[in-house]
Amino acid sequence: MPELPEVETVVRDLARLVKGATFTGGSVARERNLLTPDAPTFISAITGRRILGTRRRAKWVVVELTGGLLLLAHLRMTGQLLVVPAGAAGDAYVRIALSLSDGREIRFRDVRAFGRIALVAERSDGEAGSSLDPASPPLLAGHGLEPLDPSFTAEVFGGLIAQRATRIKSLLLDQRYVVGLGNIYVDEALWRASIHPLTPAKKLRPEQVFDLHRAIIQVLDQAVAARGSSINDYTAPEGDGEMQEQLDVYQRTGEPCRRCGSTIRRLVVGGRGTHVCRTCQRPPKGIRGAGTARAVMGPRWSQGATPDTVGATRRERAAALRRAARQGVVA
DNA sequence: AGCGTTACCCGCACGC
DNA sequence: TGCGTGCGGGTAACGC
């Protein structure tokens with residue numbers, strides 16, 4: 001699942017591969033993946049544009065084009081941006097293909113088809129508009145702080161969350177506060193800071209806010225350096241990442257905590273699979289331990305997460321076995 | 001208004 | 001082999 005480190009890797013790879021290239025046309029196999037404009041307008045508007053550079057905003061890939069246009073891509077769950085020779089073998093999941101004058105093409109491949117491509121005008125303030133009209137309102141309005149920007153300080157972060165009663169995990173997943181975090185890195189940052197995901201944000205002590213702020217930056221920096229986590233479908237134009245090998249809790253249900261040896265547990269917070277060490281991450285007062293309080297688990301929580309279960313689902317068990325085999329541990 | 005929850009989108013893999 | 005279901009990023013809608 002592409003989060004900030006994965007999107008950042010795609011953006012950097014794309015810059016190396018296609019900066020300076022010019023679009024000569026393209027095809028839209030599935031128009032629902034195109035947020036705006038309609039397919040014929042999209043193809044005609046992008047044809048002849050040259051790629052000036054790439055950047056990232058939140059989890060959006062932003063490709064800067066001549067003529068004041070921005071090509072945006074959100075990968076959601078399974079989206080990929082690939083740069084291949086035109087005519088290279090593809091499959092049914094290539095939703096949009098854009099040809100380049102040098103004989104290559106950029107392909108947006110997306111198995112689950114949740115991802116979105118948009119072509120919009122850059123506004124005078126540098127933000128992406130919501131249409132080809134540079135006077136259109138910002139498309140990405142409402143996004144929060146960039147966690148790797150110097151403006152993301154512990155003080156600002158603390159001020160954002162101080163009044164919020166919502167669970168800290170749900171808040172961190174909400175892109176209106178801090179952008180770029182998804183399920184993987186939220187679980188990882190909370191483990192690093194030894195904070196339970198069900199803790200109400202406003203109940204965090206000042207030192208916990210400080211630790212969490214630092215953990216967010218550190219885990220994202222480390223993941224960017226590792227080119228992100230290649231889990232399921234994620235890959236970048238220049239290849240997979242390696243952060244999945246360095247994750248401490250995500251999809252490690254049933255395995256020992258690397259800090260204290262306790263078994264990593266799985267619960268559901270805000271409808272999302274969540275991974276914790278219940279020894280390092282003490283549940284907040286008034287909320288019973290994970291796996292016992294159905295009221296805080298939600299109806300969709302996966303049954304079968306018993307203490308001696310290795311992985312809450314068969315898929316997780318299989319992943320745990322593969323991981324064990326890869327690391328030379330006899331399962 | 002804030003917060004929690006569900007439905008939706010979609011394809012896959014799981015599990016019966 | 002075949003069918004029902006959980007999963008999940010983001011958004012919308014709903015209820016308390």
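Throughout, protein chains are lettered first and strands after them, A, B, ... in sequence-line order, and every chain is numbered starting at 1.
In this model, a donor atom of one side chain and an acceptor atom of the other lie less than 3.5 Å apart for A:Ser99 and A:Thr24. A:Tyr234 and A:Glu3 form no side-chain donor-acceptor contact under 3.5 Å, judged by distance and modelled atom types alone.
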List the atom pairs, donor and acceptor, that lie under 3.5 Å between side-chain atoms in residues 81-88 of chain A and the rest of the protein, sequence neighbours left out.
none

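A:Arg164 meets the salt bridge (Lys or Arg N to Asp or Glu O under 4.0 Å) test with no other residue; sequence neighbours excluded. Every residue was checked against the side chain to side chain donor-acceptor pair (under 3.5 Å) condition with A:Ser170, not counting sequence neighbours, and none meets it.
Residue A:Arg95 has no polar side-chain atom (N or O) positioned under 4.0 Å from OP1 or OP2 of B:dC10. At least one side-chain nitrogen or oxygen of A:Thr166 sits closer than 4.0 Å to the OP1 or OP2 atom of B:dG4. Put simply, A:Lys59 has a side-chain N or O that comes within less than 4.0 Å of OP1 or OP2 on C:dG10. Considering only side-chain N and O atoms, A:His74 lies nowhere under 4.0 angstrom from the phosphate OP1 or OP2 of C:dG9.
Both stacking criteria are satisfied for A:Phe114 over the base of C:dG9: a centre-to-centre distance under 5.5 angstrom and an angle between ring planes under 30 degrees.
Between A:Arg167 atom CZ and B:dC3 atom C1' there is a gap of 9 Å when expressed in whole angstrom units. Across the protein-nucleic acid pair, A:Leu160 atom CG and B:dG2 atom P stand 14 Å apart, rounded to whole Å. Atom-to-atom, CE of A:Met77 to P of B:dA13 comes out at 14 Å; the value is rounded to the nearest Å. Between A:Leu4 atom CG and C:dG10 atom P the separation is 11 Å, expressed in whole Å. As a whole-Å value, the separation of A:Tyr185 OH from C:dG9 C1' is 15 Å. B:dG11 atom P lies 10 Å from atom CZ of A:Arg32, rounded to whole Å. Between the CH2 atom of A:Trp60 and the P atom of C:dG9 there is a distance of 16 Å, rounded to whole Å. If you take CD1 of A:Ile231 and P of C:dC7, they are 16 Å apart, rounded to a whole angstrom.
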Polar atom pairs (N or O), protein with nucleotides 11-16 of chain C, under 3.5 Å:
none

Under a cut-off of 3.5 Å for both distances of each Watson-Crick or G-U pair, what dot-bracket string does DNA chain C give, using [ ] for crossing pairs and | for inter-strand pairs? .|||||||||||||||
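Using a 4.0 Å cut-off between a side-chain N of Lys or Arg and a carboxylate O of Asp or Glu, A:Arg258 and A:Asp248 qualify as a salt bridge. Note on A:Arg227 versus A:Asp13: salt bridge recorded, some NZ/NE/NH1/NH2 to OD/OE distance being below 4.0 Å. Ion pair A:Arg56/A:Glu146 flagged as a salt bridge, since at least one NZ, NE, NH1 or NH2 atom sits closer than 4.0 Å to an Asp/Glu carboxylate oxygen. A salt bridge does not link A:Glu188 to A:Arg192: none of the charged side-chain nitrogens sits closer than 4.0 Å to a carboxylate oxygen. Classification of A:Arg55 and A:Glu122 as a salt-bridged pair holds, one side-chain N sitting under 4.0 Å from a carboxylate O.
Residue A:Val111 places its side chain closer to B:dG11 than to any other of B:dG11, C:dC7, C:dG9. If you check C:dC7, B:dC10, B:dC3 against the side chain of A:Arg266, the one that comes closest is C:dC7.
The only member of A:Gln208, A:Arg259, A:Arg282, A:Gln281 that meets side chain to side chain donor-acceptor pair (under 3.5 Å) when paired with A:Ser194 is A:Arg259.
For the segment residues 115-123 of chain A, the set of residues with a heavy atom within less than 4.0 Å of an atom of DNA chain B is empty.
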Check against side chain to side chain donor-acceptor pair (under 3.5 Å), A:Asp149 and A:Ser151: CA-CA 5 Å; A:Asp149 190 272; A:Ser151 62; 2.7 Å; yes
